[in-house]
Amino acid sequence: QVQLVESGGGSVQAGGSLRLSCVHSGRTLSRYKMGWFRQAPGKERESVAAISRSGIRTYYADSVKGRFTISRDNAKKTVYLQMNSLKPEDTAVYYCAADLRDLGSSLDQAYDYWGQGTQVTVSS
């Protein structure tokens, strides 16, 4: 059973930065594509970013392109989401997700494993 644990959330003012981390409990992170999602109060969960097993391919939601960067360190079994130039509309619970299926050609992917989430609050 794969477990994902997110950390790095918190409160920040608009324009600030946060880096989220997601630690994967499995033996080999490199077998999994990884993604970050977020859900704001009263809104549906949305995909934010995705990264292929090797880290070569990445996809981003239009709302975060140029501000967020997804990366991974397979040796450390950790995936990151660097968030810069944060806006109040980025406020949400952020979740990481993992899946053994290969990353397709878009941000819209299915995932089998999910973390518990970490809260990000951006004040104006």
Side-chain angles (χ1 to χ4, degrees):
Q1 182 72 14
V2 171
Q3 291 187 328
L4 303 172
V5 179
E6 303 97 335
S7 63
S11 297
V12 65
Q13 289 190 328
S17 297
L18 285 173
R19 187 175 81 157
L20 306 183
S21 298
C22 172
V23 177
H24 182 283
S25 69
R27 296 183 63 181
T28 311
L29 177 63
S30 59
R31 296 177 60 198
Y32 297 81
K33 69 181 180 193
M34 300 294 294
W36 284 97
F37 290 75
R38 67 186 180 186
Q39 187 166 19
K43 294 187 177 182
E44 292 187 356
R45 185 178 63 194
E46 63 171 338
S47 181
V48 174
I51 189 166
S52 62
R53 297 166 183 166
S54 65
I56 291 176
R57 287 183 292 139
T58 57
Y59 298 111
Y60 296 94
D62 288 342
S63 58
V64 306
K65 278 181 183 176
R67 300 188 298 122
F68 289 13
T69 302
I70 187 171
S71 62
R72 64 192 296 158
D73 185 333
N74 287 338
K76 294 183 178 179
K77 297 193 293 184
T78 303
V79 177
Y80 304 97
L81 185 68
Q82 177 67 44
M83 306 186 295
N84 298 329
S85 302
L86 283 161
K87 304 175 181 180
E89 51 263 44
D90 294 319
T91 295
V93 177
Y94 283 72
Y95 301 89
C96 74
D99 195 272
L100 285 168
R101 288 165 287 190
D102 194 16
L103 185 67
S105 58
S106 73
L107 183 60
D108 186 17
Q109 300 286 315
Y111 293 85
D112 282 338
Y113 304 101
W114 295 84
Q116 294 299 308
T118 185
Q119 176 71 46
V120 171
T121 303
V122 184
S123 59
S124 58

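Distance check: Asp99 CG to Arg31 CZ gives 11.5 Å after rounding to the nearest 0.5 Å. A distance of 12.0 Å separates OH of Tyr95 from CZ of Phe37, quoted to the nearest 0.5 Å. In this structure, CD in Glu44 is found 8.5 Å from CD in Gln39, a value given to the nearest 0.5 Å. One finds the OG1 atom of Thr58 at 10.0 Å from the CG atom of Leu107 (value rounded to the nearest 0.5 Å). In this structure, CE on Met34 lies 6.5 Å from CZ on Arg72, to the nearest 0.5 angstrom.
Checked against ring pair (Phe, Tyr, Trp, His ring centres under 6.0 Å), Tyr94 has no partners two or more places apart in sequence or in another chain.
Glu46 places a side-chain heavy atom less than 4.5 Å from the side chain of Arg38. Considering only heavy atoms from C-beta on, Gln116 stays 4.5 Å or farther from Val5 through its side chain. Two residues are said to be in side-chain contact when any heavy atoms from C-beta on lie closer than 4.5 Å; Thr91 and Gln119 meet this criterion. Within the 4.5 Å cutoff, side-chain heavy atoms of Arg67 are placed close to those of Asp90. Considering only heavy atoms from C-beta on, Val93 stays 4.5 Å or farther from Val120 through its side chain. The side-chain heavy atoms of Leu4 and Val23, taken from C-beta on, include no pair separated by under 4.5 Å.
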For Val122 and Leu18, what are the C-alpha separation, side-chain angles and deciding distance, and is it a side chain to side chain contact (heavy atoms under 4.5 Å, CB included)? CA-CA 10 Å; Val122 184; Leu18 285 173; 6.0 Å; no

Could you walk me through whether Trp36 and Ile51 pass the side chain to side chain contact (heavy atoms under 4.5 Å, CB included) test, one step at a time? CA-CA 9 Å; Trp36 284 97; Ile51 189 166; over 6 Å; no

Would you sort out whether Ser21 and Lys76 count as a side chain to side chain contact (heavy atoms under 4.5 Å, CB included), showing the intermediate values? CA-CA 11 Å; Ser21 298; Lys76 294 183 178 179; over 6 Å; no

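Sorted by first then second residue, the ring pair (Phe, Tyr, Trp, His ring centres under 6.0 Å) pairs that include residues 12-31, not counting sequence neighbours, are His24-Tyr32. For residues 49-73, no pair satisfies ring pair (Phe, Tyr, Trp, His ring centres under 6.0 Å), with sequence neighbours left out.
The two atoms that bring Ser25 and Gln1 nearest to each other are OG-O, 3.9 Å, heavy atoms only. For the pair Ser47 and Ala61, the tightest heavy-atom approach, listed with the atom from each and the gap, is O-CB, 3.5 Å.
Enclosure of atom CD in Glu89 by more than 12 non-hydrogen atoms of other residues, nucleotides or ligands within 6.0 angstrom is indicated. Within a 6.0 Å radius of CZ in Arg101, more than 12 heavy atoms belonging to other residues, nucleotides or ligands are found. Residue Asp102 qualifies as enclosed at atom CG: its count of foreign heavy atoms under 6.0 Å is above 12.
Residues Asp73 and Thr78 bring no donor and acceptor atom of their side chains to less than 3.5 Å of each other.
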